[in-house]
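Heads up: the structure comes next, in C-alpha cells.
Numbering of residues begins at 1 and proceeds along the displayed sequence.
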Amino acid sequence: MRLGPELANVGAGVLVARRDPVEWGRVRKEFALWFERNGAVAYVTELCVDPWPGTALSEMEERVWFTRVRMTLDHAPDRRAAAQQLQDLIAKFSLSSSPLADQPPAQSPTLTGPRPDLVPEPALPPRPEWAIPSVPDPGLTPAAEQAPDLLPRSVLPLRPEPGFTSDPVPDPVPGPGPGPEGDPRAPRSADHVDFRQGQFHAPVVGVLNAFGLEPGPARSFPADWHTAADLEPLAHGVRPARRVDGLPPVPPYVERDVDGVLRSALAEGGLVVVHGEAFAGKTRTALSALAAVLPQARVHAPARHADLRGLPDLLRGGTDGCVLWLDDLDGHLGRGGLEPRLLARLTGLGAVVVATLREDAYDAYRQTSRGRVLDLARFVELPREWSEAERERAAGARDPRLARAARRGGPEGVAAELGLAPMLWDEWRRARRPDRHPRGHALVRTAVDLARCGLSGPLPEDLIVELHGTHEAPAGTDQEDVAAAWEWAGAERHGVLPLLRRHGPRRWEAAPCLVDMAEQDGALPPVADALWRRALEVAREEEAYDVERVAALARTAFARAAEGGDAAAMVRLGELEESLGLGPAAEDWFRRAAGAGAGEAAGRLGRLLAARGAAKEAEPFLEAAAEAGDGGAATLLGKLLRDRARTWLTVGAERKDPEAAHLLAELLITGDDSDRVWDLLESASMSGRAEVARSFGMWLLVRGQRLSGEIWLRRAADAGDEPAAELLAYTTVQEPPEDALDYFTPGLGFPLDHAHHGALLEDSGRADEAVEHYRQGYRAGDSYGAYRLAALLEKRGEADEAEAWYRRAADLGHPGARKALGESPAGPDTVGE
C-alpha cells in the first residue's frame, strides 16, 4: 500500500463506511481530531456539528471526503505523523469490528480477490556507497551525523480472512538515507507483502503502519503527478494578488523578456535555475515556461528538505518526461538533497530539474559544499524591475491589477507590486492597534489619502504631520512619538518595499500598491474635506503637483456625495469651481446647496452674484447669510443697499423732494463733490427741518468754516434739535492743549495714541519730544507714526533720513508716504489719522 493515495483511500473508506449512528458518531469525532491535528480545521465543524445522514452518505459526499482525506495527508505539516495517526484510526475502526461489517464501504479499496492494480511497491535497492557520507556535511549537527542507519519499525500485520494465502517476500534492504535535514531519525522504507500469488475468498483489509516513513518521492509514482500544463500556480509557490471580485487570485501571465532564453534552456534539459531578487516573479516565470515547453511532462514538487535520493529508482518504473520542481532551491541542497551525482542520475533518466533561487541564497551557497551542484546549472537571471516592453505588455492585459501595477510600479517591479500589496496592506491595517504603531498607521493613512487626492510623488514631511490628526486618531497614538512612527513606516518589508518611501531628508511617498488598494477596493472611507482643501492649496503653491488633476479628482469625489444630497459636498464643489474661475458652475452648486439648507452657501452665492453685477439678485442670499451670523455678508449687503439708496435718492432729489436731497447729501458728505453737497443741502434747507440745519452746520465745520457752521447749528438748536445743541456747545468751548494731550496719553493700550500725542507736541513747538512718540507709534505698527516723523525730518532738511522713514511708512501701506516717494497709492487711504 502506497503511503499517499492508497493509505488516504483506505482511511477515507473507513470514515464513510456505513455504520449505526452511535458508532458513526465516534468515527467522525476521531477523524475530526485527525483533521484538526494536521491543519484542516475547516472540516471539524462539518464532522462534529453539522447534521449527517443516519447511516450512509451519498456517492458525491463520499467522493468529497476521499479527496479531503488525501489532500490533508499530502499537505500535513508532518506527513509521517499524519500517516501514523491515520493508520491508528484505520486499525481502530476497521470494518471487521463494525456491526455493519458485511456491507463494504463505497469506494473503499478493500481486497476481495486478486487485484493486480494494487501491486505493492518494489523493494528499493541497497544503499550505494556514494550515498553514505564519508566526511561530515557542514549543514548537519554532530547528533544528526552520528544517527544510526536503521530505526526500529512498528508493523501492524495484515489480517487475512480464512482461506487467504500469500507468499511474503523477504524484508527489503533499507532505502536511501535520512529525511528532513537535521532529523536524527533515519526512516527507510515500508514493509512489503507480495499479494500477487494470493488467493482471496473473502473481504480482506490490509493495514500498513507507516511509522518511520519520510514523506518523499517513494510514495507516489510519476503517473500520479500533475502535468506541467495542469500545475496550480498557488500550490507551487506563486503568491496571490489582491482579491478583487470577479477576478482570479492570480492574474494572467505577462510575457517576460527572458522567456525565450528560459524556454531554450528547458528544451535542452539538465538543471535550469531562474534566479533573481525576491519578488521578481521567478516562480511564475519558470512555471509558465515549463508549461509552454514541456506541457505533458509529469512534475514532482517535493517539500523543502525532503530526501530526493530515491527519485532515480522511482523514475525507472515511471513514464517518460518527468520534471523535478524545486522552488527556492536553497531548501533542497545538502544531505539528501540535490547534489552533482544525484543530478547526473536524474538527467540520465531524461528528467529535467527546474528550480528558482534568490540572489541572497545564491551568494550564501555558491562557495559551500552544498552549492557544488550550482556549477552544473544553467542560470537564467530575471530582473525585478520590469522593462518598458514588459510594462507595455502588462498595461495591455485585461486584468486591471496588472495594468495599474505596470503604470504605477517603481523599481521594485510589477510582480512585487502584485505580490506585496496584500501583505503590506494587512501589516498597515493591523498597526492601528494600541500595542503596535498607531501613529505610524496615521502617518501612512495621511500619505495615502493625499496621494488619492492627486498629490503624486514625494510629500513634505511637515504636511503629513500637520494633517495626520485629521483622521480619527487610533487609540495609543500619544504613546508613540513621531520619530519612532517614521522609522517604522520607512522600514523595508521583505527586503523590497516600505510603507512610506523616503525621498531626501524630509519628503515621503506612500507605496503605490497601498494607494492602489485604497482607490480600487473601497477599503478606506472618502478623503476628509480638510485634506481636499489642503491638497488643492498645496497643488496651487507647488509646481511639482498637477493642480488640474487634483481639481478633477476633487470634483469627482465631491460630485459623488453631492448627487446623493450632501449639502456640504455641494458647497465644496462650489468653492472648487470658484477657485478655478468657473463662476457659473460655482453659482449653480451654491444655489443647490442653499436650497438644501446650507447657510454658508447663501453667503458664497450672494458674493458671486454681487461680483458680477447682479446686486438685486444677491441681496436675499446675503440677507439670509447675515441673519445666520455671516458678518462679511452683512457688510456687503449694507454696501449694496447704500448704493441702491443713492440711486433712488438721486431720483427723488432730481424731482425736488427735500427729504431725498437731505439724505443724499448725508451719503455724499464725506466725498469730494462739495459743490453737489452744497446744492443738495441748500435745496433741502428750504423745507425748514431742523435736522437739515444740523447737517448743514456739521458740513461747514468739517470744511473749516467755523462761524458759518455755528450759525446753522444754532438754527437747528433753536428749533429743538438736541444733537445740534450739544455740537454747538463743543464748538464754543475751546479745549486747552493740555486736555488734548491727556486724552491721547500713550501706553493705555491704544497704539495710535503715540502718533496723535506726538502730533500735538509738534504743534505745540515741542518737536524733539514728538520724535520719540512717532518712533514708538511706528514700533506699534502705526504707519502714521513713521509718516509724521518723515515729514518732520523733511522740514528740518534731513532729506535722506526723511526718505528712509517715508519708505518705512509706505511699506506699512501709508498712501501719503507713497505719494511722497513718487509712487501710486495702492488704494484709498484707510489709515486713521
- Describe, in one word, how the ring planes of Phe35 and Phe31 are oriented to each other, choosing from parallel (under 30°), tilted (30 to 60°) and perpendicular (over 60°).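 The rings of Phe35 and Phe31 sit tilted, inter-plane angle from 30° to 60°.
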Looking only at heavy atoms, which two atoms of [X] and [Y] are closest? And how far apart?
X	Y	value
Ala405	Val414	CB-CG1, 3.8 Å
Leu500	Ala510	CD2-CA, 3.6 Å
Asn38	Pro77	O-CD, 3.8 Å
Phe279	Arg384	O-CG, 3.7 Å
Glu390	Glu255	CG-O, 4.1 Å
Ala511	Pro498	CB-O, 3.5 Å

Kindly indicate whether the side chain of [X], heavy atoms from C-beta on, has any atom under 4.5 Å from the side chain of [Y].
X	Y	answer
Leu89	Val14	no
Arg298	Thr227	yes
Asp330	Arg358	yes
Trp325	Thr356	yes
Leu338	Leu271	yes
Asp375	Pro340	no
Arg393	Asp257	yes
Val254	Trp386	yes

Side chain of [X], backbone of [Y]: donor and acceptor closer than 3.5 Å?
X	Y	value
Lys282	Glu277	yes
Arg391	Ala406	yes
Trp34	Ala82	yes
Ser288	Thr285	no
Arg256	Pro383	yes

- Checking side chain to side chain contact (heavy atoms under 4.5 Å, CB included) for the pair Met423/Arg493: CA distance, chi angles, key distance, verdict? CA-CA 9 Å; Met423 303 165 71; Arg493 269 63 177 178; over 6 Å; no
- Task: Evaluate the side chain to side chain contact (heavy atoms under 4.5 Å, CB included) criterion for residues Leu86 and Val69: first the C-alpha distance (whole Å), next the side-chain angles of each, then the deciding distance (0.1 Å), finally the verdict.
- Result: CA-CA 9 Å; Leu86 189 57; Val69 173; 4.2 Å; yes
Rounded to the nearest 0.5 Å, what separation is found between the [atom1] atom of [X] and the [atom2] atom of [Y]?
X	Y	atom1	atom2	result
Glu232	His236	CD	NE2	8.5 Å
Leu499	Glu492	CG	CD	11.0 Å
Leu346	Arg309	CG	CZ	13.0 Å
Leu329	Asp327	CG	CG	9.5 Å
Leu424	Glu427	CG	CD	7.0 Å
Thr72	Glu36	OG1	CD	12.5 Å

- Item | CA sep, side-chain torsions, deciding dist, call: Leu349, Leu311, side chain to side chain contact (heavy atoms under 4.5 Å, CB included) | CA-CA 10 Å; Leu349 294 170; Leu311 267 176; over 6 Å; no
- Message: Would you say NE2 of His226 has more than 12 non-hydrogen atoms from neighbouring residues, nucleotides or ligands within 6.0 angstrom?
- Response: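 Counting other residues, nucleotides and ligands, NE2 of His226 stays at 12 neighbours or fewer.
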- Item | side-chain contact (heavy atoms from CB on, under 4.5 Å) involving Arg284 - partner list, sequence neighbours excluded |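 Partners of Arg284 by the side-chain contact (heavy atoms from CB on, under 4.5 Å) criterion, ordered by chain and then number, come out as Val238, Val250, Tyr253.
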- Message: Between Arg372 and Glu339, does any NZ, NE, NH1 or NH2 come within less than 4.0 Å of an OD or OE carboxylate oxygen?
- Response: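 No salt bridge links Glu339 with Arg372.
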- Query: Below 4.0 angstrom, N of the basic side chain to O of the carboxylate: do Asp313 and Arg345 qualify?
  - Reply: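 Salt bridge flag = yes for Arg345 with Asp313.
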- Message: Can you confirm if the NZ or CZ of Arg68 lies within 45° of the ring axis of Trp65 and under 6.0 Å from the centre of its six-membered ring?
- Response: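 Yes, a cation-pi geometry.
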- Non-neighbouring partners of Arg378 that pass side chain to side chain donor-acceptor pair (under 3.5 Å), sequence neighbours left out: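 Expected list: Glu268.
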- Check against side chain to side chain contact (heavy atoms under 4.5 Å, CB included), Leu357 and Leu374: CA-CA 10 Å; Leu357 188 65; Leu374 299 178; 4.2 Å; yes
